[in-house]
Asker: 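Following this message is one structure expressed as structure tokens.
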Amino acid sequence: SVDGVDCTGILQIPALKLEVAVAARYSSPEYMAYIANRMTDNGSFSIASENRDSLLGRIMDLSDKHDVFFIDARGSRFAYKVSAVYTAKEIPDGTGPDQQKPVLNLCCPLGKQWFVAECIAGSESKEGQS
């Protein structure tokens, strides 16, 4: 836990020089991201935050060349590659079209819409690294 809040892990986005704690639920402090949609059967899930530069407010600056990492509470490290960045009317439910690999959606509000960075799990995902 961080500051008494149950966390599921740490989100790292090197291209944005971002490392942020991810709370287990929406009712997290405003300086944390949170799990917005739970993991689906294929391992997909969504992380959201307020629209702040210190959180996910800069995800529209990402492109398909960028890596994203999630380190869970057990210390397992999962690598993703950004595959698309777009706006949506709601947070995606975690599954991209015809995706065989798990998808991590990063979501941030923009007025009545959301910024979304869709990230596909990479083959370089490694267990037990931090």
Side-chain angles (χ1 to χ4, degrees):
S1 74
V2 175
D3 295 338
V5 176
D6 289 336
C7 291
T8 60
I10 301 290
L11 177 66
Q12 296 175 332
I13 307 176
L16 301 179
K17 296 183 174 117
L18 180 70
E19 184 172 288
V20 63
V22 179
R25 61 181 83 98
Y26 173 72
S27 59
S28 63
E30 60 187 33
Y31 56 86
M32 288 183 177
Y34 59 91
I35 298 294
N37 285 332
R38 295 279 172 207
M39 197 171 283
T40 63
D41 289 341
N42 78 343
S44 297
F45 66 107
S46 297
I47 295 175
S49 79
E50 290 192 13
N51 190 344
R52 297 173 187 235
D53 286 353
S54 61
L55 294 170
L56 297 178
R58 296 179 292 143
I59 60 173
M60 293 303 279
D61 295 338
L62 294 173
S63 73
D64 61 2
K65 305 284 187 219
H66 293 124
D67 294 311
V68 173
F69 303 97
F70 181 73
I71 298 110
D72 71 15
R74 293 181 301 261
S76 297
R77 182 176 187 245
F78 302 91
Y80 298 86
K81 181 75 76 177
V82 175
S83 63
V85 180
Y86 56 91
T87 58
K89 292 191 179 196
E90 57 188 40
I91 297 176
D93 64 5
T95 56
D98 301 321
Q99 295 297 340
Q100 298 298 318
K101 293 184 178 184
V103 174
L104 166 62
N105 285 313
L106 304 176
C107 309
C108 182
L110 171 64
K112 293 183 179 184
Q113 297 205 39
W114 291 85
F115 290 138
V116 178
E118 183 179 89
C119 309
I120 305 297
S123 59
E124 66 277 5
S125 295
K126 295 188 180 171
E127 299 283 329
Q129 291 190 5
S130 54

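The first residue of the sequence shown is numbered 1, and numbering continues consecutively from there.
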Asker: Looking at residues at least two apart in the chain, or sitting in another chain, which of them share a ring pair (Phe, Tyr, Trp, His ring centres under 6.0 Å) with Phe70?
Answerer: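 In terms of ring pair (Phe, Tyr, Trp, His ring centres under 6.0 Å), with neighbours along the sequence ignored, Phe70 is linked to Phe45.
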Asker: Quick one: pull up CG in Asp64 and CD in Glu118 and give me the separation to the nearest 0.5 Å.
Answerer: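 One finds 12.0 Å between CG of Asp64 and CD of Glu118.
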Asker: How far does OG1 of Thr8 sit from CZ of Arg74, to the nearest 0.5 angstrom?
Answerer: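 Going from the OG1 atom of Thr8 to the CZ atom of Arg74 covers 10.0 Å.
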Asker: How far does CG of Asn105 sit from SG of Cys119, to the nearest 0.5 angstrom?
Answerer: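 Taking CG in Asn105 and SG in Cys119, the distance rounds to 7.5 Å.
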Asker: So, using salt bridge (Lys or Arg N to Asp or Glu O under 4.0 Å) as the criterion, who are the partners of Glu50 when residues are at least two apart?
Answerer: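 Scan of Glu50 (salt bridge (Lys or Arg N to Asp or Glu O under 4.0 Å), adjacent residues dropped) gives Arg52.
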Asker: Nearest 0.5 Å, what's the CD1-OG distance between Ile120 and Ser83?
Answerer: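 With rounding to 0.5 Å, CD1 (Ile120) is 4.0 Å from OG (Ser83).
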Asker: On a heavy-atom basis, which atom in Cys108 and which in Asn51 lie closest, and how many Å separate them?
Answerer: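 For Cys108 versus Asn51, the nearest heavy atoms are SG-CA, 3.2 Å.
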Asker: Heavy atoms only: give me the nearest Ile91-Ala36 pair and the separation to one decimal.
Answerer: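 Looking at all heavy atoms of both residues, the shortest contact is CD1-CB, 3.7 Å.
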Asker: To the nearest 0.5 Å, how far apart are CG in Leu16 and CG in Leu62?
Answerer: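 Here the rounded value is 4.5 Å.
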Asker: So, for Ser63 and Val82, which heavy atoms are closest and what is the spacing to 0.1 Å?
Answerer: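 Minimum heavy-atom contact is O-CB, 3.2 Å.
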Asker: Pick out which of Ile47, Leu106, Val20, Leu18 makes a side chain to side chain contact (heavy atoms under 4.5 Å, CB included) with Leu55.
Answerer: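 The passing option is Val20.
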Asker: Is the closest side-chain heavy-atom distance between Arg77 and Ile71 below 4.5 Å?
Answerer: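 A side-chain contact exists here, since the closest heavy-atom pair is under 4.5 Å.
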Asker: Any side-chain to backbone donor/acceptor pair from Ser49 onto Ala33? Under 3.5 Å, distance only.
Answerer: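 No, the answer is negative, given that no donor and acceptor are paired below the 3.5 Å cut-off.
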Asker: For Phe115 and Gly57, which heavy atoms make the closest approach, and how far apart are they?
Answerer: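 Heavy atoms only, the tightest pair is CE1-O, 4.2 Å.
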Asker: Work out which heavy atom in Cys7 is nearest to a heavy atom in Ala73; give both atom names and the distance.
Answerer: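 Closest pair (atom of Cys7, atom of Ala73, distance): O-CB, 4.1 Å.
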Asker: Between atom CZ of Phe69 and atom CG of Leu11, what is the distance when rounded to the nearest 0.5 Å?
Answerer: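 If we round to the nearest 0.5 Å, Phe69:CZ and Leu11:CG are 10.5 Å apart.
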Asker: Nearest heavy-atom pair of Ala21 and Ile10: which atoms, and what distance?
Answerer: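 Taking every non-hydrogen atom into account, CA-CD1, 3.9 Å.
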